[in-house]
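Here's the structure, in structure tokens; my notes come after.
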Amino acid sequence: MRDSPTHFQLTITGNEKVGDRFFLLSFENPGVSFRPGQFAMVAISGEPYPLLRRPFAVSRTPEGTLQILYRVVGTGTRLMSYWKKGRKVNVIFPLGNGFEKIQNACILVGGGSGVASMIALARELHSRGTPYLLCVGTKKSGELDPHSSVFQNPPLNVKFATEDGSFGFHGTVLDLAEQHIHSFTCAAVCGPPAMMTAFLERFPDVNAMFSLENHMGCGTGVCLGCAIETRNGMMRVCVDGPVFPGKILLPEHLK
Amino acid sequence: MRDSPTHFQLTITGNEKVGDRFFLLSFENPGVSFRPGQFAMVAISGEPYPLLRRPFAVSRTPEGTLQILYRVVGTGTRLMSYWKKGRKVNVIFPLGNGFEKIQNACILVGGGSGVASMIALARELHSRGTPYLLCVGTKKSGELDPHSSVFQNPPLNVKFATEDGSFGFHGTVLDLAEQHIHSFTCAAVCGPPAMMTAFLERFPDVNAMFSLENHMGCGTGVCLGCAIETRNGMMRVCVDGPVFPGKILLPEHLK
Amino acid sequence: MTLEIETGGVQLSTPILPASGTFGWGTELKNLVDYSALGAVVTKGISLHPRKGNPQPRLLEVPCGLINSIGLQNPGVDAFIQNYEKELSALSMPVIVNIFGESPQEYAEVATKLSNCHWVSGLEINLSCPNVHAGGLEFGSNITGVRDVIQAVRNSTNKPLWAKFSHSTHLFHLVEAALEAGSNAVVLLNTLPALAINIKSKQPVLGARRGGLSGPPLKYVALRDVFDVYSRFKCHIVGVGGIIKPEDAVEFILAGARAVEIGTGAMVHPELFIKCRNFMSEYLKNGSYESVENMVGLAHDDQHV
Amino acid sequence: MTLEIETGGVQLSTPILPASGTFGWGTELKNLVDYSALGAVVTKGISLHPRKGNPQPRLLEVPCGLINSIGLQNPGVDAFIQNYEKELSALSMPVIVNIFGESPQEYAEVATKLSNCHWVSGLEINLSCPNVHAGGLEFGSNITGVRDVIQAVRNSTNKPLWAKFSHSTHLFHLVEAALEAGSNAVVLLNTLPALAINIKSKQPVLGARRGGLSGPPLKYVALRDVFDVYSRFKCHIVGVGGIIKPEDAVEFILAGARAVEIGTGAMVHPELFIKCRNFMSEYLKNGSYESVENMVGLAHDDQHV
Ligand SMILES: Cc1cc2nc3c(=O)[nH]c(=O)nc-3n(C[C@H](O)[C@H](O)[C@H](O)COP(=O)(O)OP(=O)(O)OC[C@H]3O[C@@H](n4cnc5c(N)ncnc54)[C@H](O)[C@@H]3O)c2cc1C
Ligand SMILES: Cc1cc2nc3c(=O)[nH]c(=O)nc-3n(C[C@H](O)[C@H](O)[C@H](O)COP(=O)(O)OP(=O)(O)OC[C@H]3O[C@@H](n4cnc5c(N)ncnc54)[C@H](O)[C@@H]3O)c2cc1C
Ligand SMILES: Cc1cc2nc3c(=O)[nH]c(=O)nc-3n(C[C@H](O)[C@H](O)[C@H](O)COP(=O)(O)O)c2cc1C
Ligand SMILES: Cc1cc2nc3c(=O)[nH]c(=O)nc-3n(C[C@H](O)[C@H](O)[C@H](O)COP(=O)(O)O)c2cc1C
Ligand code: FES
Ligand code: FES
């Protein structure tokens with residue numbers, strides 16, 4: 001079901017701009033089995049700069065293409081935005097635990113670059129026919145194009161919230177989620193630490209899984225750079241996570 | 001006649017492959033006055049890697065386009081070979097002394113990447129009608145295309161030598177030069193240290209000017225990284241050169 | 001032609017090792033790393049009692065380098081033995097356990113416990129640890145600290161000891177003290193002290209404020225120290241710092257190291273171990289060297305000073 | 001709102017200075033650098049007698065860093081005064097002359113000669129210079145060396161003195177010695193010791209074999225030392241090392257420096273001086289600070305340890 005982590009040289013088949021700061025990177029699929037929520041450590045260049053690999057959630061289109069949806073936030077993602085079709089990229093994949101198979105109606109809550117981690121899960125629930133709703137939050141309209149293939153291939157059940165009300169629901173993605181959460185038995189959440197902490201406080205009784213986005217050194221469990229304190233002791237986000245049940249998280253240690 | 005060094009953001013108008021490892025980079029000309037042999041310090045990226053600027057001789061086509069002929073030898077020149085039309089490049093230019101105006105028949109001897117430093121001079125002598133011969137040496141055929149605009153715009157008086165005899169004269173560029181040098185009253189030389197040392201030893205009586213290619217830190221005379229010992233004391237290749245009369249050079253200090 | 005070399009009392013099948021703290025407890029990367037590349041495994045630092053380590057953030061990437069402030073998180077020596085003994089003793093290569101403590105006695109107690117483990121081939125003693133009884137100055141920063149720790153450990157075990165240092169202007173004296181106190185080899189270098197400030201929050205970036213700089217730039221400082229220490233003592237040296245390509249490992253051997261450890265570089269590229277091993281083989285072959293030993297310190301063979 | 005700040009006895013119109021050895025004798029870049037960005041010029045190191053410096057190659061670029069072994073080439077103090085007095089005294093800003101010697105006496109003789117030059121506003125004392133009478137150990141590596149040099153210079157001139165150090169594990173003691181001996185400020189840091197080996201020739205790459213590492217990675221070591229020295233002594237500090245963007249200069253001020261020097265970064269980008277100056281102004285404005293002085297050491301204001 002999950003292959004063990006391997007080095008791949010993946011060939012880029014597309015790197016499409018899908019919003020003001022989001023890109024959708026597509027790769028040839030080397031035939032790997034992985035779970036939604038598992039991620040890849042992507043080497044940005046063959047040079048010693050930038051030095052570290054960057055972690056990105058991976059999803060799969062109905063045709064089997066591997067995809068990374070990424071937000072341009074710093075040096076690494078900026079350099080990635082220049083990548084062209086045909087380039088080979090060195091990745092270690094699949095990493096992390098990923099989400100357990102979800103059997104019950106689930107609400108997916110993604111904020112900022114955290115939306116990316118929800119796509120693979122939404123696509124899986126969609127293809128399996130499990131009821132779900134994907135709530136996507138951005139600051140304003142245009143950040144992430146609702147008509148792009150991110151949400152259309154397959155056509156996901158998605159609602160958008162913008163903080164300035166310029167598109168979709170007016171408010172935070174948590175405000176949006178609040179309106180629908182009663183229809184679901186579980187939740188999956190990914191976003192900035194402040195958003196995840198707020199979710200824990202606002203919906204303490206919801207059975208929620210959180211995908212964390214710590215900065216990572218190795219991604220393979222050997223450096224302890226990503227380790228956080230949880231109710232179950234010290235845990236490495238990269239191998240013990242990135243998906244954790246909300247009940248073991250300590251809000252003060254989310255960042 | 002020579003403008004003082006200035007920062008420019010030059011727009012690339014072309015970056016043509018002109019041989020197995022040579023590229024010809026063209027820029028919009030911001031209207032700078034400079035001498036053949038003067039050079040530009042080119043910033044390779046906006047990032048701290050590669051850290052240092054790289055020095056390149058600059059020439060001008062009859063239409064006034066600025067050009068850099070470069071050989072891919074390391075990280076910086078490899079990254080340059082990916083540059084595309086339209087990119088803006090940060091350069092400090094013009095730097096160094098350049099060649100004095102040459103009035104008499106002159107033989108130009110260039111080996112390897114040293115060929116580049118001879119192009120501006122050849123073009124100037126060509127346009128002024130001063131008799132000259134450009135001798136170009138490479139290891140084998142194909143390294144630098146004789147039909148490229150490097151040699152055709154304007155059509156220079158050039159002879160080629162290859163060490164393996166696969167094109168033009170069979171032998172080193174010094175062997176080639178030896179056949180013609182008696183027809184000239186002066187010489188201009190640029191190439192690897194071993195070639196320049198050999199020139200000094202083989203043609204001790206020729207009135208020759210050498211353009212040196214030391215590794216440079218600043219290119220502006222402030223770091224002393226390029227300084228060499230000469231018969232006239234310590235000299236900085238970047239501001240006291242890169243062009244030096246052969247009679248002041250000490251072969252043992254050429255590298 | 002062989003890559004085998006005895007280093008500080010440990011027989012290594014290759015001179016390529018992982019650096020402590022970047023290879024977990026030794027077996028996490030079994031699926032990703034070709035262990036035949038490795039001359040030994042080196043564990044993260046182990047202390048007497050468990051430690052949680054430092055608050056997040058613990059890592060900061062800087063140009064061509066990495067600052068970490070993991071803070072020596074570890075389960076403590078007892079849990080370490082209990083949890084990892086089985087897997088580690090099943091490995092077909094030496095296991096070097098990196099240890100540290102807050103006092104010479106603590107180092108000694110950890111060493112005593114590990115001394116009874118047949119699967120432990122040697123101890124790497126991390127001297128870049130604050131001496132709580134001496135105002136937080138690192139043991140490795142002064143001769144007394146080095147001597148006290150190494151002697152205490154030496155009296156607790158017969159296992160080979162490797163003393164691991166950070167860069168210091170006084171490295172000669174410190175190395176001398178370690179060798180005199182019974183260290184079989186010295187390991188050069190640990191990270192450089194480092195700090196970064198977030199100009200928006202006006203606070204240090206890392207949760208623990210201070211951290212250590214590793215990665216490519218450290219290579220040149222480590223090479224310098226390996227070169228100088230080798231030329232002075234001709235002792236057994238393990239070179240560490242900034243190896244990111246196979247050529248770097250060869251540089252360390254030529255400078256005088258008998259083995260190298262790779263940290264940050266292999267965190268990023270786990271394939272680096274096998275690449276280094278293969279490159280080293282090629283280099284031996286091309287130079288017609290019988291063994292790595294013949295390459296050690298070759299950069300010293302000329303006469304100019 | 002002002003960028004002016006008094007640092008180690010010198011009144012600077014901005015806290016942005018060039019680093020010694022990367023700005024020639026002070027006036028070479030008059031056409032390329034906007035001198036209004038600079039609080040002072042700092043010359044390359046001057047010694048009693050002329051020096052040719054080291055053989056080529058003198059520079060090696062490494063990942064995000066530069067190793068140099070210029071070897072303190074300079075025309076000697078007499079020729080320096082004769083050749084550059086006119087241009088330097090015409091500058092409308094302080095001139096800091098960096099000096100070094102092979103013995104405390106030599107330092108003192110250089111200082112005496114410069115003491116008579118009205119256009120010299122202060123002396124920066126490069127302590128990272130081998131003490132030929134103490135086995136080549138750098139003056140700055142031990143308390144005695146520091147004390148002897150600073151005292152000798154202090155007795156030769158009334159000019160402000162800035163003592164410049166390399167990174168050391170014992171920096172506290174060295175800084176203390178410099179301050180006690182009469183240094184008005186400390187300058188942190190000089191380059192890190194470094195070496196590289198060419199695996200084809202099997203020889204060190206640089207003509208002089210050993211060199212010093214500067215550039216971006218050094219920033220984090222220098223920030224750490226500035227931060228720690230400020231928190232211990234609250235003395236006047238000039239921060240140097242790895243500044244390559246305007247934000248870096250601000251980091252140094254927040255860590256505790258009253259001024260910064262830019263070396264490698266401005267060799268590559270002479271525009272960096274004016275960019276730093278402008279960014280610093282903006283930062284002051286946005287934070288509503290009256291002066292740079294109000295920003296000094298702000299990273300220390302929190303309570304966690
Ligand atoms: C498991 C996992 C999955 C992820 N999936 C995705 C995804 O699918 N799509 C996506 O867009 N992003 C994803 N992320 C986040 C993504 O990895 C980062 O956005 C990316 O690494 C940023 O790289 P960069 O070089 O562009 O930015 P950088 O230049 O590295 O930094 C970006 C920002 O982070 C700050 N920063 C750097 N280091 C630290 C630190 N140690 N602590 C705090 N702040 C720091 C910087 O100051 C800067 O503002 C994921 C992260 C994890 C851990
Ligand atoms: C005034 C001047 C004009 C020049 N004009 C031209 C030109 O017009 N066209 C052209 O192609 N080239 C020219 N050069 C040479 C050119 O600058 C270099 O080839 C270029 O900088 C190499 O950059 P790189 O990043 O590709 O190579 P790098 O990766 O920097 O190095 C290339 C090679 O040089 C070696 N090297 C690096 N540093 C040193 C050192 N300190 N000492 C010895 N070897 C070292 C490396 O090991 C490597 O083999 C000129 C040089 C000078 C000084
Ligand atoms: C994340 C991380 C954790 C480390 N933990 C330890 C440790 O526990 N004990 C130790 O002696 N060194 C530790 N080090 C230092 C490394 O072993 C090594 O000496 C240093 O990183 C330099 O090598 P490199 O540049 O190849 O990483 C650690 C380094 C890193 C990057
Ligand atoms: C080429 C070069 C020459 C230097 N010469 C001197 C010198 O003569 N005296 C001195 O005190 N420091 C000298 N230094 C050190 C710098 O002044 C500075 O301390 C160091 O380079 C760190 O700053 P940076 O990273 O901004 O370059 C020199 C540095 C370089 C790169
Ligand atoms: S990133 Fe290294 S252990 Fe998780
Ligand atoms: S390259 Fe700096 S002085 Fe010539």
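In what follows, chains are A, B, ... by sequence order, proteins preceding strands, each numbered from 1. Worth saying up front: this structure is predicted, and the values here are computed from it rather than measured.
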Below 4.5 Å from any heavy atom of chain B, which atoms of Leu66(D) appear? Answer side chain, backbone, both or neither.
both
Contact part of Thr6(B) toward chain D, heavy-atom cut-off under 4.5 Å: side chain, backbone, both or neither?
backbone
Against chain D, label Met216(B) side chain, backbone, both or neither, depending on which of its atoms sit under 4.5 Å from a heavy atom there.
backbone
Close approach to chain D in residues 82-100 of chain B, criterion heavy atom under 4.5 Å
Asn90(B), Ile92(B)
Heavy-atom closest pair (Cys223(B) atom, Leu59(D) atom, distance to 0.1 Å) is SG-CD1, 4.4 Å
Partner chain B: residue of Pro18(D), Gly21(D), Ala266(D) with the largest heavy-atom pair count (under 4.5 Å):
Gly21(D)
Looking only at Gly221(B), Ala227(B), Ser4(B), Ala43(B), most heavy-atom pairs under 4.5 Å shared with chain D are made by Ala227(B)
Per the side-chain contact (heavy atoms from CB on, under 4.5 Å) rule, which among Leu32(D), Asn31(D), Val33(D) passes with Thr220(B)?
Leu32(D)
Chain D-proximal positions within residues 44-57 of chain B [heavy-atom distance under 4.5 Å]:
Pro48(B), Tyr49(B), Pro50(B), Leu51(B), Leu52(B), Arg53(B), Arg54(B)
Looking at chain D, which one of Cys218(B), Gly225(B), Gly219(B) has the largest number of heavy-atom pairs inside 4.5 Å, strictly under?
Gly225(B)
CG (Leu72(D)) and CG (Leu224(B)) are apart, to the nearest 0.5 Å, by 10.0 Å
Which one wins on heavy-atom pair count under 4.5 Å against chain B: Met267(D), Glu28(D), Glu61(D)?
Glu61(D)
Does Lys140(B) have more than 12 heavy atoms from other residues, nucleotides or ligands lying within 6.0 Å of its NZ?
no
When every non-hydrogen atom of Ile228(B) is compared with those of Gln56(D), the smallest separation belongs to CG2-CG, 4.0 Å
Side chain from CB out, backbone as N, CA, C, O: work out which of these in Thr264(D) comes under 4.5 Å of a heavy atom of chain B, or both, or neither.
side chain
Measuring heavy-atom distances to chain B, does Pro270(D) have an atom under 4.5 Å in its side chain, in its backbone, in both, or in neither?
both
Check whether Lys52(D) gets within reach of chain B through its side chain, its backbone, both or neither, counting any heavy atom under 4.5 Å.
both
